[in-house]
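Here is how names work: the chains are called A, B, and so on, in the same order as the sequence lines, proteins then strands, and each is numbered from 1.
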There are 2 protein chains.
Amino acid sequence: METDTPIVETESHQAADAEDPSATTRARILDISLELFISQGYDKTSLRQIAEQLGFTKAAIYYHFASKADILMALHMQLHDFGREALASLGDDPTPEQWARLLDGLISRMLQQRALFILHERNQAAIEELHRESGALDHEDLQARFRQVLSNKELPADTRVRMACAFGSVMGALALAGDVFADVPSDTLGTMVRSAVSALLPYPSAD
Amino acid sequence: METDTPIVETESHQAADAEDPSATTRARILDISLELFISQGYDKTSLRQIAEQLGFTKAAIYYHFASKADILMALHMQLHDFGREALASLGDDPTPEQWARLLDGLISRMLQQRALFILHERNQAAIEELHRESGALDHEDLQARFRQVLSNKELPADTRVRMACAFGSVMGALALAGDVFADVPSDTLGTMVRSAVSALLPYPSAD
DNA sequence: GTCTATATAGGGATAGAC
DNA sequence: GTCTATCCCTATATAGAC
């Protein structure tokens, strides 16, 4: 399956400086879970299986996470933080120009974090359930924000569709990076996708 | 969730002329399953739940399908047939021009059948497992064919990336049709997506 | 063709020893 | 922080009545 390029990067080690063993274990759990959740799906992945790859048993995981859903939530939050930060620069109804610039600036970091995006694409149902159960905590969600931007009726329909296509282009390339595009260096791929985005949303770049 | 536009169209009623009750029930099972597999995911959807919506019980489903996986397989085959037919016109290593034309001709039918595409996007893991277990029966798979086309090293990398972006654009619009783009008529949406594809792969259309 | 009842298995989660 | 043992629940699938 993923024999060529590893999809999973090292996780952002939360608040751990270097040697905190518990944080390291936590990160290992997230790493392995991310990989399994992508390749097998969240539901088909059992805690027993995760524990097996870690080298210890199912129950040990409960020391680090309250539940299986909690692991998914932690991974979800990594993407959420990524998106929150990215969308912060956008107003309530961004212009397609702003949208193009946003994608342009994000692409290389999206490529680095592509496992998180693929996780979401392939486990939307599980993540939606997560939201339902958590009640919308403080959870102004990324996806909701995303839909809001693309729903903006101030913009002509064809522009909104182009914005969706631009995002779809990025996701399409992302999904194939390290697989069909394993031969293309990440930087190069980023440049090419940026070119595609500007072909879809042809606005002059000011600076 | 899907309160606005129903994602699921009426299924192709296999070999049933009109009144064959068993074929109708079969189609109903597929309809309901498709809807549930998309909204909840394949794994989280139980046969009990499907039967509930049908108005009878779990065991009755086994009269029409040998297993739960069989239902997914039937749905998968609908997309497979769609794709087989579509890709038939392509040679082994199509030019980007042929690719653009293919997408162009396919978009409106893809929009009609978008539930099948979304099913695949959101249940890739389950479908891959299906393939593993079925052994590759006669199964020259759609996805493999797809990767093959985009892996063609005869083409420059940027062209291949553009082809992937074009497909991603279609999928991106597809995923949002009836949701964010519920206000855009299907025909109009199709036209806009076609325009996006030709912006990504700008080749003159001959006929 | 649809039902009830049941066999069987596996997963999530908890308790408590070390 | 990791282990064993166990509880409880739900799911697939089968057998057999109607």
For this session: Report yes if a side-chain nitrogen or oxygen of A:Thr57 is closer than 4.0 Å to either non-bridging phosphate oxygen (OP1 or OP2) of D:dC3; otherwise report no.
Result: yes
Exercise. Starting at CD1 of B:Ile50 and ending at C1' of D:dA11, how long is that distance when rounded to a whole Å?
Worked result: 12 Å
Exercise. Nearest-Å distance, NZ (A:Lys68) to C1' (C:dT14)?
Worked result: 18 Å
For this session: Would you verify whether the NZ or CZ of A:Lys68 falls within 45 degrees of the ring axis of A:Tyr62 while also being under 6.0 Å from that six-membered ring's centre?
Result: no
For this session: Check the pair B:Glu154, B:Arg160 against salt bridge (charged side-chain N to carboxylate O under 4.0 Å, His left out), reporting the backbone distance first and the verdict last.
Result: CA-CA 10 Å; B:Glu154 303 288 312; B:Arg160 288 160 55 212; over 6 Å; no
Exercise. Where the side chain of B:Leu47 is defined as all heavy atoms beyond and including C-beta, which of C:dC3, C:dG12, D:dT12 is the nearest nucleotide?
Worked result: D:dT12
Problem set entry | Nucleotide nearest A:Thr25 (side chain, heavy atoms from C-beta), chosen from D:dT4, D:dT12, D:dT2 | D:dT2
Seminar exercise, completed: A:Tyr63 OH to C:dA17 P, in whole Å, measures 18 Å
Exercise. Is it true that B:Asp93 and B:Lys153 have a side-chain N and a carboxylate O under 4.0 angstrom from each other?
Worked result: no
For this session: Name the residue closer to the 5' end of DNA chain C, choosing between A:Ala66 and A:Lys44 according to the nucleotide with the nearest heavy atom.
Result: A:Lys44
Exercise. If you check the A:Ala60 side chain, which of C:dG1, D:dT14, D:dC3 turns out closest?
Worked result: D:dC3
For this session: Would you classify B:Phe56 as touching base, sugar-phosphate or nothing, given that sugar-phosphate means primed atoms plus P, OP1 and OP2, and contacts are heavy atoms under 4.0 Å?
Result: sugar-phosphate
Exercise. OP1 or OP2 of D:dA13 sitting under 4.0 Å from any side-chain N/O of B:Tyr62?
Worked result: yes
Exercise. Does NZ or CZ of A:Arg109 come closer than 6.0 Å to the centre of the six-membered ring of A:Phe82, within 45° of the ring's axis?
Worked result: yes
Exercise. Do A:Lys58 and C:dG12 have a side chain to base donor-acceptor pair shorter than 3.5 Å?
Worked result: yes
For this session: Just compare D:dA13, C:dC3, C:dA15 and give me whichever is closest to any side-chain atom of A:Ala59.
Result: C:dA15
Exercise. How is A:Ser46 classified with respect to the nucleic acid when contacts are heavy atoms under 4.0 Å: base, sugar-phosphate, or nothing?
Worked result: sugar-phosphate
